[in-house]
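In what follows, a single structure is set out as structure tokens and then discussed.
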Amino acid sequence: MAKIQMTTPLVEMDGDEMTRIIWQMIKDELLNPFIDLKTEYYDLGLKYRDETGDQVTIDSANAANRLGVAVKCATITPNDARVKEYNLKEMYKSPNGTIRAIMDGTVFRAPIIVKGVESYVSGWEKPITIARHAYGDVYKNTEFKVPGAGKAEIVFTGEDGKEVRQTIFDFKGSGVIQGMHNLDSSIESFARSCFNYALSIRQDLWFASKDTISKIYDGDFRDIFQRIFDEEFKDKFEAAGITYFYTLIDDAVARVMKSKGGFIWACKNYDGDVMSDMLASASGSLAMMTSVLVSPDGKYEYEAAHGTVMRHYYKHLEGEETSTNSVATIFAWSGALRKRGELDGLQDLMDFADRLEKATIDTIENGEMTKDLALITTIENPKVLNTGDFIKAVRKRLEA
């Protein structure tokens, strides 16, 4: 059978640890046998990021803006332990945060629904999509350890030389300090992406933050969302029969647990990071979640919403068998291939992406799955497959 042809490459962002192993398995078993796969490859493994001073991450994000579609493997965001483990030159920022800032996009995450893997929240009848702001806050912070007593201040110096200065805290002893920022232009892009996405799938949109405590910072988000909605989207939402409202993040958490689902929940950067993991776990597994970064001008970066599965990676290095769930990584590839086909007018490529996802879901619904799903499935007598055998089982259905 002739391989499906591509005309424009995908930007391929390789990653770390167990997900890097899975990444290659997926290419070997599920992609290269069926597609004449064209990618522009960037190694975002931590060692090569360190070799390039993280320039490779910047280059990959610029390539995504240039080519329009990217697919990314999970990557390590180093902490103190990782700096020592990998002997890094510095503690690099989150690569996801760097890419999101350059692409100026919003992350939309939703659970992958499979029969036999029921939600832990029994009232959720429809998928809930998390829209996560993709710039600033703690992901672009400045922080340091306060050595002892002294006064901490925020100082802003305008282009005219005038200063705005406020005291943060008078330290009586050691502590820590952190500075965050955001941009009105980025918040505006976030709001427009959320409103447009809600219209495209005809679902209600919530936005939640903590403006009762962070009256200026979070209040800026609230006000920008409301202004853009009133000026640009109110009539469109009414015509589509959907609604937008703002609420506090703690109120949103309470509401979402009692909801039936079927809406978009827009969150600031950190809130979206945490809540999307909560949603994925409640829906069955962190590896059962789609994630796509969408820029305001229609560029896309698909990825798994989970981490690098470090524990399984160390077992793999010791020669032990692992049963790592690869579904989210498979769906990252299928999402990117479908979008590439859509933008390039390649129906065969779009159809292949659909078949790949169906083969993956059918494998699980037929009772063949990784250990994380076998522990929670309602399917009787599931067959637990190791990492590679699950991917091979998907290939058998794909070939059929």
Side-chain angles (χ1 to χ4, degrees), residues 8-16 19 39-78 88-109 130-143 179-194 196-197 221 224 266-273 276 290-305 307-308 332-333 335-336 339-340 343:
T8 310
L10 293 171
V11 177
E12 178 185 351
M13 305 173 180
D14 209 345
D16 287 298
T19 45
T39 72
E40 189 170 302
Y41 180 85
Y42 293 86
D43 184 357
L44 268 58
L46 187 52
K47 289 182 179 179
Y48 192 65
R49 276 185 275 148
D50 188 53
E51 287 179 24
T52 65
D54 212 29
Q55 183 62 42
V56 66
T57 307
I58 297 168
D59 292 344
S60 71
N62 288 330
N65 279 332
R66 172 168 46 83
L67 293 175
V69 184
V71 58
K72 180 182 175 296
C73 183
T75 47
I76 294 169
T77 298
L88 302 179
K89 299 170 188 172
E90 60 181 274
M91 191 185 300
Y92 298 101
K93 298 283 189 180
S94 161
N96 287 344
T98 299
I99 293 165
R100 290 165 191 155
I102 291 171
M103 293 184 69
D104 188 27
T106 295
V107 179
F108 295 93
R109 290 178 174 170
I130 296 287
R132 175 185 172 189
H133 188 211
Y135 178 81
D137 302 346
V138 296
Y139 298 86
K140 295 286 285 184
N141 69 8
T142 298
E143 57 185 8
M180 302 192 312
H181 78 281
N182 223 294
L183 302 173
D184 284 356
S185 59
S186 180
I187 300 169
E188 289 167 357
S189 294
F190 174 42
R192 289 190 176 95
S193 293
C194 290
N196 280 318
Y197 193 77
F221 277 80
I224 287 173
C267 299
K268 290 170 55 190
N269 209 346
Y270 179 77
D271 294 340
D273 191 1
S276 62
T290 63
S291 181
V292 56
L293 176 73
V294 184
S295 72
D297 58 348
K299 307 297 193 302
Y300 297 81
E301 182 248 334
Y302 295 81
E303 61 181 334
T308 58
W333 274 103
K339 180 56 66 175
R340 184 75 277 165
L343 295 178

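Just so you know, residue 1 is the first one in the sequence shown, and it goes up from there.
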query = Using a distance-only test with no angle check, is there a side-chain donor-acceptor pair under 3.5 angstrom linking His133 and Ser186?
reply = yes

query = Taking the side chain as C-beta and beyond, is there a heavy-atom pair between His181 and Lys140 under 4.5 Å?
reply = yes

task = Evaluate the criterion side chain to side chain contact (heavy atoms under 4.5 Å, CB included) for residue pair Met180 and Glu143; output intermediate values, then yes/no.
result = CA-CA 9 Å; Met180 302 192 312; Glu143 57 185 8; over 6 Å; no

note = OG of Ser189 to CG of Asp184, rounded to nearest 0.5 Å, is 11.0 Å

task = Return yes if a side-chain donor-acceptor contact under 3.5 Å exists between Glu90 and Tyr92, otherwise no.
result = no

key: Test log, rule side chain to side chain contact (heavy atoms under 4.5 Å, CB included), inputs Cys73 and Thr19   = CA-CA 7 Å; Cys73 183; Thr19 45; 3.7 Å; yes

ask   = Under 30°, 30 to 60°, or over 60°: which ring-plane class applies to Phe108 and Tyr197, parallel, tilted or perpendicular?
value = parallel

key: Electrostatic pair Lys72-Glu12, nearest N-O below 4.0 angstrom   = no

Nearest-0.5 Å distance that lies between atom OG1 in Thr98 and atom CZ in Arg49 = 9.0 Å

key: Closest non-hydrogen atom pair between Ala266 and Phe190, with its separation   = CB-CZ, 4.1 Å

Thr8 versus Leu67, closest heavy-atom pair with distance = CG2-CD2, 4.3 Å

Steps toward salt bridge (Lys or Arg N to Asp or Glu O under 4.0 Å) verdict (Asp54, Lys93) = CA-CA 9 Å; Asp54 212 29; Lys93 298 283 189 180; over 6 Å; no

inquiry  = Nearest 0.5 Å, please: how far is CG in Asn65 from CD1 in Ile99?
reply    = 10.5 Å

message = If you define the side chain from C-beta out and look only at heavy atoms, does anything of Cys267 sit under 4.5 Å from Arg132?
response = no

Lys89, NZ: over 12 other non-hydrogen atoms inside 6.0 angstrom = yes

key: Minimum heavy-atom distance Leu343-Val69, with the two atoms named   = CD1-CG2, 3.6 Å

task = Please say which of Thr57, Asp16, Leu46 ends up in a side-chain contact (heavy atoms from CB on, under 4.5 Å) with Thr75.
result = Asp16

inquiry  = Take a 6.0 Å sphere around OH of Tyr48 and say whether it holds more than 12 heavy atoms from other residues, nucleotides or ligands.
reply    = no

request  = Evaluate the side-chain proximity of Thr106 to Leu293: yes if any heavy-atom separation is below 4.5 Å, no if none is.
outcome  = no

query = Rounded to the nearest 0.5 Å, what separation is found between the CD1 atom of Ile224 and the CD1 atom of Ile187?
reply = 4.0 Å

note = Correct closest heavy-atom pair for Ala336 and Val71 would be CB-CB, 3.8 Å

task = Kindly give the heavy-atom pair with the smallest separation between Met103 and Ala64, and that separation in Å.
result = SD-CB, 3.8 Å

request  = Apply side chain to side chain contact (heavy atoms under 4.5 Å, CB included) to Thr290 and Tyr302, showing your working.
outcome  = CA-CA 8 Å; Thr290 63; Tyr302 295 81; over 6 Å; no

task = Verify whether one side chain among Tyr135 and Asn182 offers a donor that lies under 3.5 Å from an acceptor in the other.
result = no

key: Verdict with reasoning, Val138 to Asn269, per side chain to side chain contact (heavy atoms under 4.5 Å, CB included)   = CA-CA 8 Å; Val138 296; Asn269 209 346; over 6 Å; no

query = If you round to the nearest 0.5 Å, how far is OG of Ser94 from CD1 of Ile76?
reply = 12.0 Å

request  = Can you label the angle between the Tyr270 ring and the Tyr139 ring as parallel, tilted or perpendicular, going by 30° and 60°?
outcome  = tilted

key: Ala63 versus Glu40, closest heavy-atom pair with distance   = CB-OE2, 3.6 Å

request  = Evaluate the criterion salt bridge (Lys or Arg N to Asp or Glu O under 4.0 Å) for residue pair Lys339 and Glu301; output intermediate values, then yes/no.
outcome  = CA-CA 10 Å; Lys339 180 56 66 175; Glu301 182 248 334; over 6 Å; no

remark   = So CG of Asp43 and CG of Asp59: to nearest 0.5 Å the spacing works out to 12.5 Å

Side chain to side chain, Val11 and Tyr42, heavy atoms closer than 4.5 Å = yes

query = Any luck finding a side-chain donor-acceptor pair between Asp104 and Ser295 under 3.5 Å?
reply = no

